[in-house]
Amino acid sequence: MPRREVLLRFMESCEDGRHLASLHSLLLKTGVAHDRHYATKLTTYYAKSASVESARKLFDELPQRSVYLWNSVLGSYCRDRQYEQTLRLFKQMVSNGKSAEGKPDNYTVPVALKACAGLRVLEYGEMVHGYVKKSGEVDMDMFVGSALIDLYSKCGQMGSALKVFREFPSPDVVMCTSMITGLEHNGSPVEALQLFTQMAKTGGFVADPVSLITAISACTQLLYLKVGSSVHGFMYRMGFDANLSLLNSVLNLYAKTGSIRLAMNLFRKMPRTDVISWSSIIACYVCKGATNEALDLFNEMIEKGYKPNEVSVVGALQACAAGCNLEEGKKIHALASEKKIELNVSVSTAIVDMYMKCSSPDEAFDLFLRMPNKDVVAWVTLLSGCAENGMAYESMDVFRNMLASEIIPDAVAIVKILAACSELGILQQAICLHGYLIISGFGDNMYVGATLLELYSKCGSLDNAIKVFNGMCEKDVVIWSSMIAGYGIHGQGKEALRLFYQMTRNSSVQPNNVTFLSLLSACSHSGLIEEGIEMFNKMVHKYHLKPDSEHYSIVVDLLGRIGQLDKAIDVIEMMPTLAGSHVWGALLGACRIHDDIEMGELAARHLLHLDPDHAGYYVLLSNIYAMYGKWDDMSKVRSLIKEKKLKKAFGQSVIEVKNKTHTFVVDDRAHQDSWKIFELLRNLEMRMTEEAYVPNVEVQLNGTEEFC
DNA sequence: GTAAGTGTTC
């Protein structure tokens, strides 16, 4: 056999990428490595087998390169996600093309567009689009069209994406899927699903596994369990029931909709699973608060030999954070270090969050400082964590440092920052932040507006809350409810009611359970008893809403205050679910006011059964006995408190003086000026005695310090 | 020879 033929045959056998290095040295030895024919073939083989650097080296040495060869190398860079290299070589191709070598063709353009999409460089992508229109060398085929749709979608230009899509009267399944994915990723899952249905009904569109994944993904975003399940059924009819990615997307639908049984059922029946399947099922358990089960699954996954990656580690860390499981959290942190993914931005953020939720801010700071890339999410995790751990100053320092690092907050960040201020009760910070929000254009965001409104209410500035409310151009039910709650907190029940009527009469917004909770609590705080009861009846009979335990407890409280204890107990008995401790607590309070010892005992018995370790209920019961001189019963309850070693959680008072917040608990001597404060208190006491002030005995009876 | 898809952090 002639030498050339032997070589060629050997080359064919190397097409799959094996033995490329041996082939290369063989070509060098036989002296044909620079022969155009062999070198071209070897370059394409290298390009195909993901050895892009070797391909490029040969490519650069070749005196003449076909368009096919250019495309091979470009494609290789692109598959390796080396988008910048792809574009650099593409630019070279365009400029070379003017002189001698091949110009970009229909195979080149989609590769270049994909690189633009990967880098989100819209302008350059538009130039490529312009090149397609002008050059005449490139047809606008489905491949070019799909790549353009993908580029515009990834850059958030849905108008341009749709314009390209409409240029094709009969788009194929891939092009439709590109369009559907684009809609779904740009906040239009409903339109995505509509396009899917329309294409499946009318077009020559035969759904394939990938298109089904996008449809299920849209259902997941919309929490459309039923529609998604019907796709699941369709999938079986089409014979795609062994497709792992497709099953994973269905599993994720079940997980995200909280259908834990459906999810677990599918998961255990799947013929094959991968780390994605495990991540979804773990996330499902975390979401349901079953954190131990989630960690068990994570460990089971590792035992079965699946390699945990960033996503599954993040899921396990969330389980530790939600379950305040520091011990397991530390283990997973160690695992992340071992797997060299500790400094991946989402992993380290999840670790910071875990430490913060497990009350270990030092460890959280330690990692945060080591993070090489901190995005807005990482900063906000640290900030919220500080607030949750009672580190007021630190959280605001973090915010300032974040802005100094030129991190631009997103809407979620703003909401979290405002919530942190709100929790801390720092009004001055709120006002500064509000100014910042107006400048940065977040003022019109409804989530931000609702949080800001709530912040002002909680910090005691009703006027500012009203200003925010009036300034919102669009008001959803959350905004209305927050304003109603704001009036309620400030004891302006009548205003709360007026606002409720304004909402139901002048806007199309429908009240929900939260609206009524705000309204009922506003009535309760302002002593608007009849009105409160009327509103509860409206909630049930006019708006057909199902009250939950918190609504019932307010109604019981309202009825109790006007002495209608029988009606209150009727309400409790009519409740569709068993009354919780809030409800019985409200009744017990009413019994104390209206001297009903029998019903009081009944309520107290329920409470002690529901929450046997709550010191406050024992105290209330003992107070009732004390009021009726039932000293034996009283001392029994008191010794029970001692026996159980129960302590009532101390209430905290927060006061803001000159931009600084000061927190106090009962008998707190920790403050730096505490001697001055106590001196003032002593002086006040003396003046009160001089002016013959008699303290309220009932208040003393309510105190728990005496027993604890 | 080329285009579409599934799981993650506040």
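Chain letters run A, B, ... following the sequence lines, proteins first and then strands; every chain starts at 1.
- The nucleotide range of DNA chain B contacted by chain A, defined by atoms under 4.0 angstrom from heavy atoms of the protein and reported 5' to 3', is B/dG1 to B/dC10.
- A/N299 places a side-chain N or O within donor-acceptor distance of the main-chain N or O of A/L295, the cut-off being under 3.5 Å.
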Give every donor-acceptor pair under 3.5 Å between a side-chain atom in residues 374-382 of chain A and any protein atom, sequence neighbours left out.
| unit_1 | atom_1 | unit_2 | atom_2 | d |
| --- | --- | --- | --- | --- |
| A/K374 | NZ | A/F368 | O | 3.3 |
| A/K374 | NZ | A/M371 | O | 2.9 |
| A/D375 | OD1 | A/V377 | N | 3.3 |
| A/D375 | OD1 | A/A378 | N | 3.0 |
| A/T381 | OG1 | A/V377 | O | 2.6 |

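- In this structure, A/V412 reaches the bases: a heavy-atom distance under 4.0 Å links it to at least one base atom across the strands shown.
- Note on A/V109: nothing from the nucleic acid sits closer than 4.0 angstrom, heavy atoms only.
- Remark: A/W278 engages A/T273 in a side-chain hydrogen bond (donor to acceptor under 3.5 Å, both in side chains) (not counting sequence neighbours).
- Using a 4.0 Å heavy-atom criterion, one finds that A/V345 contacts the bases of the nucleic acid, with or without backbone contacts as well.
- When heavy atoms are screened at a 4.0 angstrom cut-off, A/D141 is found touching no nucleic acid atom at all.
- Between the side chains of A/S249 and A/N252, no donor-acceptor pair of N or O atoms lies under 3.5 Å.
- Contacts of A/N309 with the nucleic acid, taken as non-hydrogen atoms under 4.0 Å apart, include base atoms.
- No side-chain donor-acceptor contact under 3.5 Å links A/S229 to the backbone of A/H232.
- Residue contacts for A/K48: at a heavy-atom cut-off of 4.0 Å it reaches no nucleic acid atom on any strand shown.
- Within the 4.0 angstrom heavy-atom criterion, base atoms lie near A/N71.
- If you check every strand for non-hydrogen atoms under 4.0 Å, A/S245 touches a base.
- Nucleic acid contact class of A/K357 (heavy atoms, under 4.0 Å, all strands): none.
- Below 30°, between 30° and 60°, or above 60°: for A/W70 and A/F59 the angle between ring planes is above 60°, a perpendicular geometry.
- At the heavy-atom level, A/D274 lies nowhere under 4.0 Å from the strands shown.
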